[in-house]
Amino acid sequence: MKQSVKLIAGNWKMNGLAADLSAVVHDLKLALQAEPASCRVAICPPATLISRLADAVRDHPIEVGGQDCRAESHGAYTGGVSAAMLKDAGAGLVIVGHSERRQEFGETDLLVSAKAEAAVRAGLAPIVCVGETLQQREAGRAVEVVRGQIMNSLPQAVTGQDFAVAYEPVWAIGTGLTPTLEQIEEVHRAVRAAMLERLGLASAAAPILYGGSVKPENARDILAVPEVGGALVGGASLKAADFLPIIRAA
Ligand code: 13P
């Protein structure tokens, strides 16, 4: 299947203060002004830095994303951030269902689906994350688990909208371990098939990102795998010197 332009998104997780953001954005802008990226580039900083990032890239194609949103639009949810608030702060994207949220906060497929729907309602493009644990992979259940997550955490509301899926094997996140290229291809093909089954052809162009220990050294090979439509990058997105070669590999 023909792939549309790839999306390289940096997930900063709970890292970064204003000075870190300034340094990375300064270096990225300089490099991408000299030689524009041939892919979409996004940074998903902590919520505290979203409006600062949006201001810094106002005249630049770098996109701004949140890392999570609540499913509700507003209300008595102390500490919560809604999709509309992220949009209001300048975000265009939001990650939902990251495995750290699924594990640390007990987020279920149902909740992730509601969050993705809230994102679309607020005019944000959700990046819906799926991925198996090591135990599930070792039991030969990776494809089955990921397929179930797609069927249950992708709401019909994303049909025909700007959205992405990210396949992030839990055991590859922050570990330096990655699946083989064949394993990545197998799961990405299964994700595409499940997306088609669930949403039909209207979503055939939505990219499927790979995430989990993407580095300058492995980005080119991973991004060349069929059905890999980009990358969701954690640790290596925190420094321009690491993030740029990944952008250039797309
Ligand atoms: P690392 O790139 O640090 O492994 O993190 C991946 C990730 O969780 C991105 O969302």
Side-chain angles (χ1 to χ4, degrees), residues 6-16 20-21 24 28 39-47 49-50 53 62-69 86 91-105 107 112 115-116 119 124-134 136-137 142 145-146 149-150 153 163-181 183-184 187-188 191 207-223 225 228-250:
K6 288 185 163 48
L7 168 63
I8 306 294
N11 173 11
W12 277 28
K13 309 191 179 183
M14 200 175 76
N15 296 292
D20 305 303
L21 186 73
V24 170
L28 281 184
C39 58
R40 290 169 66 188
V41 177
I43 300 176
C44 305
L49 293 178
I50 284 179
L53 174 60
I62 293 174
E63 299 178 43
V64 181
Q67 298 176 9
D68 175 49
C69 64
L86 293 174
L93 305 156
V94 62
I95 299 167
V96 294
H98 192 281
S99 64
E100 286 151 18
R101 304 262 347 154
R102 290 177 184 262
Q103 291 192 324
E104 301 276 323
F105 301 91
E107 294 193 3
V112 174
K115 289 184 172 198
L124 295 179
I127 300 175
V128 181
C129 300
V130 296
E132 83 285 0
T133 63
L134 184 59
Q136 289 165 333
R137 173 156 288 276
V145 166
V146 167
Q149 289 173 329
I150 292 290
S153 42
F163 78 100
V165 167
Y167 167 54
E168 300 203 304
V170 177
W171 51 275
I173 294 175
T175 58
L177 301 172
T178 52
T180 65
L181 300 178
Q183 288 170 328
I184 293 175
V187 178
H188 277 240
V191 167
I208 305 168
L209 317 183
Y210 169 80
S213 296
V214 176
K215 305 270 182 278
E217 300 77 44
N218 61 20
R220 196 167 293 277
D221 287 344
I222 291 173
L223 289 165
V225 170
V228 172
L232 187 53
V233 184
S237 69
L238 292 169
K239 288 199 187 117
D242 294 329
F243 198 36
L244 253 176
I246 297 171
I247 292 167
R248 295 298 186 210

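Indexing begins at 1, ligand by ligand and atom by atom, following the structure's order. From a predicted model like this one, the values you see are computed outputs, not experimental measurements.
- Of all protein heavy atoms, the one closest to atom 5 (O) of ligand 1 is Lys13 NZ, 3.3 Å.
- Taking every heavy atom of both residues into account, Pro169 and Pro179 meet most closely at CG-CG, 3.7 Å.
- The salt bridge (charged side-chain N to carboxylate O under 4.0 Å, His left out) test applied to Glu132 returns Arg137, not counting sequence neighbours.
- Distance from atom 9 (C) of ligand 1 to its nearest protein heavy atom, with residue and atom name: Glu168 OE2, 2.8 Å.
- By the 30° and 60° cut-offs, the orientation of the rings of Tyr167 relative to His188 is perpendicular.
- Counting heavy atoms under 4.0 Å from ligand 1, residue Ile173 touches it through both backbone and side chain.
- Residues passing the salt bridge (charged side-chain N to carboxylate O under 4.0 Å, His left out) test with Arg101 are Asp68, Glu107, sequence neighbours excluded.
- A side chain to side chain contact (heavy atoms under 4.5 Å, CB included) with Phe243 holds for exactly one of Val24, Leu238, Val214, Val41; it is Val41.
- Atoms of ligand 1 found under 4.0 Å from any heavy atom of Leu232, numbered from 1 in the order shown, are 9 (C), 10 (O).
- An N or O contact shorter than 3.5 Å links Ser213 to ligand 1 by distance.
- Nearest-heavy-atom check against atom 2 (O) of ligand 1 across Cys44, Gly234, Gly176 picks out Gly234.
- For atom 3 (O) of ligand 1, the closest non-hydrogen atom on the protein side is Gly235 N, 2.8 Å.
- Shown here for Cys69 and Val94, the closest heavy-atom pair between the two residues is N-CG2, 4.1 Å.
- Looking only at atom types and distance, the side chain of Gln67 has no donor-acceptor partner in the side chain of His98 under 3.5 Å away.
- Interface of Gly212 with ligand 1, defined as ligand atoms under 4.0 Å from a residue heavy atom, comprises 4 (O), 6 (C).
- Considering only non-hydrogen protein atoms, atom 4 (O) of ligand 1 sits nearest to Gly174 N, 2.6 Å.
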